[in-house]
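Report on one structure; see the data block that follows.
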Number of protein chains: 2
Amino acid sequence: MGEGRPEGPPRRTSSPPSPRRLGSPSEIPLAEPTDHDMAHGRSNGSVPGMFPVLVVHGGAGHIPNERAELSLAGVRAAVRGGYAILQGQGSAMDAVVEAVTLLENNPLYNAGCGSVLNAKGEVEMDAMVMDGTDLSSGAVSAVRRVANPIQLARLVMEKTSHLCLTGDGASQFARAMGVPDVSEESLITEYARMRWKKNIAPDANPVECQMGKMGTVGAVAVDARGNIACATSTGGMLNKMEGRVGDTACIGCGGYADNKVGAVSPTGHGEAIMKVTLARLILFHMEQGCSAEVAADKALAYMKERVGGLGGVVVVDPQGGWAARFSSLQMSWAAAQNNTLHYGLYSDENFTQNIEDPH
Amino acid sequence: MGEGRPEGPPRRTSSPPSPRRLGSPSEIPLAEPTDHDMAHGRSNGSVPGMFPVLVVHGGAGHIPNERAELSLAGVRAAVRGGYAILQGQGSAMDAVVEAVTLLENNPLYNAGCGSVLNAKGEVEMDAMVMDGTDLSSGAVSAVRRVANPIQLARLVMEKTSHLCLTGDGASQFARAMGVPDVSEESLITEYARMRWKKNIAPDANPVECQMGKMGTVGAVAVDARGNIACATSTGGMLNKMEGRVGDTACIGCGGYADNKVGAVSPTGHGEAIMKVTLARLILFHMEQGCSAEVAADKALAYMKERVGGLGGVVVVDPQGGWAARFSSLQMSWAAAQNNTLHYGLYSDENFTQNIEDPH
């Protein structure tokens, strides 16, 4: 794969497969769910005609050649891990948290271990989850010394009456929940430290250094019951000010999930994503009748035109349709549905392989 | 004014006055502004037919009888202060920050001095501003020991490349900007301490104690040039966990402003406001053709039905139309336009007086 392709309009990378069919042999078609089942409560049985889907991304931006293959291998592994949960009749929430945990644990991405460093050379992370059944959500911002911020975000959703905890308060909550404190060093890779040093050098070009460093990770899923969830996690922006919070901890910006409409997890320039509330904007377009792909392209084009921001998104709709779209040069993404794994990095790429293929 | 009125659908409190006319004798009608002037750039001249408007709120909820008159006097004073800036051809941003600063300085409201205390008996505040000309925004979350978080949020917008700073990072930025550190004690009122103690008592009813303690403050404005801004500030939720961040620091939830559509500042149950991204939701309805009033009512009814949340909003549109609407029992609000001051506390109230009336 080459570098240096010119920036252009949002890339066509995938379309929902059709026609729909059941995603797993163990699914037992039940009576048609009521609107209430779909929209307001977790329904108890599989939805006829629904086949589960999981889509993940490993960040939009410009991925150096030597890291491109590894980046694709990482998103394929993450989607396999999360999809196994969906195949076992697990929930969309379990699947997206599993996929994002795998990406946080992979030092290649800007989340968990491998996070970029702030101006002081430290790691501060943002993460959020959202459950489309009842719009419940949990987030942490500027959190330090936890291995998996996405799991802490889920605990905020499940164990508190709040939606977001920040900084020291988030750390105290982590300790109260028995989440292990990890060392700062265990989160910092040599690559992250090298980039940080390069960027604070007197001759650094901060704009150039920032380009392509958008390795936020995320996932969206629809499970066999029609429940929808999203998860996003990031180390933020290279050399950010201490305490900077980006889109990832901000509901509607860095993620949104609604069983009635779909789910979005974005990546890209956090400040631009926030200015246009990117995740919610895409779902508004879908509420107006746009497909996941068209809605994503409209919103990404708007973000570029209105505030000059590039980025990418993974999107699902309640029927299991999905899209992975980006206005940046690249976005590593992978999707799994109907036992097929899809993935790509550049515009118009949609490679496929059997989900059982171990590579 | 009595207490104990039953909860119902969103209350009709105000409608945009019509027909439109110039707001100030000093306005000089200029050529019709282009779409570009209105939407993407700060235009330099007054817009013919536009008259400036400022709407503020002092929080939705249930205001004790003995504080009701004071609460109305406070929002009237804040709207007078901000409107004077609009009358002097000042910007919408200057007007909303002035109005919210006045409300933060008034110990009656849950923002700045008078903020509610968190579970540890401390003050942590959230605030945000947004400028509809270019969607730029600034926010602080869980910030301590500053008298006026709204001014710090504006500094984040104007002096950094970020949109939100949290906790210690926000405090460091404040010091770097020369914002004075104030004592924790200077922000805590006897009333706030009494309520905190009452709520941690062994026989406390936390639900009852939480009711009606939603004194978040906010403002929206359109200036003579057609520029639009919003500002929101809060001490958050009584007895919140340390580090809890509510809707106010979250763009699209606790505020949004877009010259093309309008601006919203909400108040109410932060977690519910976040789940439905209330501010952006109202503006989406306005983009679909709803008036400010209808859009606010639709979104508040949706928030109540979907996630069981009550609250209120102040809204403006680019033509100077405005609304102050709420699903809670009360919301203290005031508006100024065309030298008339409007205000109210209960459903269907819209008292008016001349802006020059000092009370």
Side-chain angles (χ1 to χ4, degrees), chain A residues 39-40 118-120 124 126 130 134-137 139-143 156 160-173 176 206 210 236-237 240-247 249-253 256 258 260 270-272 274-277 279-281 283-284 287-288 305-307, chain B residues 39-40 118-120 124 126 130 134-137 139-143 156 160-173 176 206 210 236-237 240-247 249-253 256 258 260 270-272 274-277 279-281 283-284 287-288 305-307:
Chain A
H40 293 289
N118 69 15
K120 290 172 78 175
E124 293 183 301
D126 300 340
M130 186 162 182
D134 58 1
L135 308 185
S136 61
S137 174
V140 289
S141 66
V143 70
V156 171
T160 81
S161 60
H162 301 324
L163 257 66
C164 182
L165 294 178
T166 191
D168 290 342
S171 298
Q172 287 170 31
F173 172 67
Q210 206 61 250
M237 200 172 177
K240 64 186 180 183
M241 293 169 70
E242 189 176 350
R244 178 262 192 183
V245 179
D247 62 296
C250 189
I251 188 171
C253 302
Y256 202 83
D258 183 343
K260 286 186 171 182
E271 277 70 11
M274 293 167 91
K275 286 177 184 176
V276 303
T277 63
R280 192 67 187 91
L281 179 61
L283 294 173
F284 277 113
E287 287 179 305
Q288 300 301 315
E305 181 264 332
R306 187 82 194 263
V307 298
Chain B
H40 294 289
N118 69 13
K120 290 171 75 175
E124 293 182 301
D126 302 337
M130 187 163 182
D134 58 2
L135 308 186
S136 61
S137 174
V140 288
S141 64
V143 70
V156 171
T160 82
S161 59
H162 301 322
L163 256 68
C164 181
L165 294 177
T166 190
D168 290 344
S171 298
Q172 286 170 32
F173 172 69
Q210 206 61 251
M237 199 171 176
K240 63 186 179 184
M241 291 169 70
E242 189 177 351
R244 178 263 192 181
V245 179
D247 62 296
C250 189
I251 188 171
C253 301
Y256 201 84
D258 182 343
K260 286 187 170 182
E271 277 69 11
M274 293 167 92
K275 287 178 183 175
V276 303
T277 64
R280 192 67 187 92
L281 179 62
L283 294 173
F284 276 112
E287 286 178 305
Q288 300 301 314
E305 181 263 334
R306 187 83 194 263
V307 298

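Below, chain A is the first sequence line, B the second, and so on; all start at residue 1. Given the structure is predicted, the values throughout are model-derived calculations rather than measurements.
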Completion exercise
Among B:G167, B:G270, B:C250, B:G252, the residue with the most heavy-atom pairs under 4.5 Å to chain A is B:C250
Exercise for the section: Quick one: closest heavy-atom pair of B:L165 and A:E242, and the distance? Expected result: CD2-O, 3.9 Å
Handout entry: Part of B:V307 within contact of chain A (heavy atom distance under 4.5 Å)
Key = side chain
Problem - Validation row: B:T277, A:T277 side chains within 4.5 angstrom (heavy atoms) - result: no
Completion exercise
Greatest number of non-hydrogen atom pairs under 4.5 angstrom with chain B, of A:S141, A:A142, A:S161, falls to A:S161
Practice task
Give, for atom OG of B:S137 and atom CE of A:M274, the distance between the pair rounded to the nearest 0.5 Å.
Solution key: 7.0 Å
Fill in the blank from the handout: Closest non-hydrogen atoms of B:K275 and A:I251, given as atom of the first, atom of the second and distance, are CA-CD1, 4.1 Å
Exercise for the section: Give a yes or no answer on whether the side chain of A:H162 reaches the backbone of B:M241 with a donor-acceptor pair at less than 3.5 Å. Expected result: yes
Exercise for the section: Please determine if A:D258 and B:R306 form a salt bridge, counting it only when a charged side-chain N lies under 4.0 Å from a carboxylate O. Expected result: yes
Completion exercise
Comparing A:G169, A:G243, A:S171, A:C253 against chain B, the one with the most heavy-atom pairs below 4.5 Å turns out to be A:G243
Problem - From CZ (B:F284) to CD (A:Q288), nearest 0.5 Å - result: 9.0 Å
Completion exercise
Most contact-rich option vs chain A, by heavy-atom pairs under 4.5 angstrom, among B:E271, B:E124, B:M130, is B:E271
Practice task
Over all heavy atoms of both residues, which pair between A:Q172 and B:K120 is shortest? Give the atoms and the distance, please.
Solution key: NE2-NZ, 4.1 Å
Handout entry: Side chain / backbone / both / neither for A:V276 at chain B, heavy atoms under 4.5 Å
Key = both
Handout entry: 4.5 Å side-chain heavy-atom contact, B:L163 and A:D247
Key = no
Problem - Donor + acceptor pair across side chains of B:T166, A:T166 (<3.5 Å) - result: yes
Exercise for the section: Could you go through the side chain to side chain contact (heavy atoms under 4.5 Å, CB included) check for B:L281 and A:R280 one step at a time? Expected result: CA-CA 9 Å; B:L281 179 62; A:R280 192 67 187 91; 4.2 Å; yes
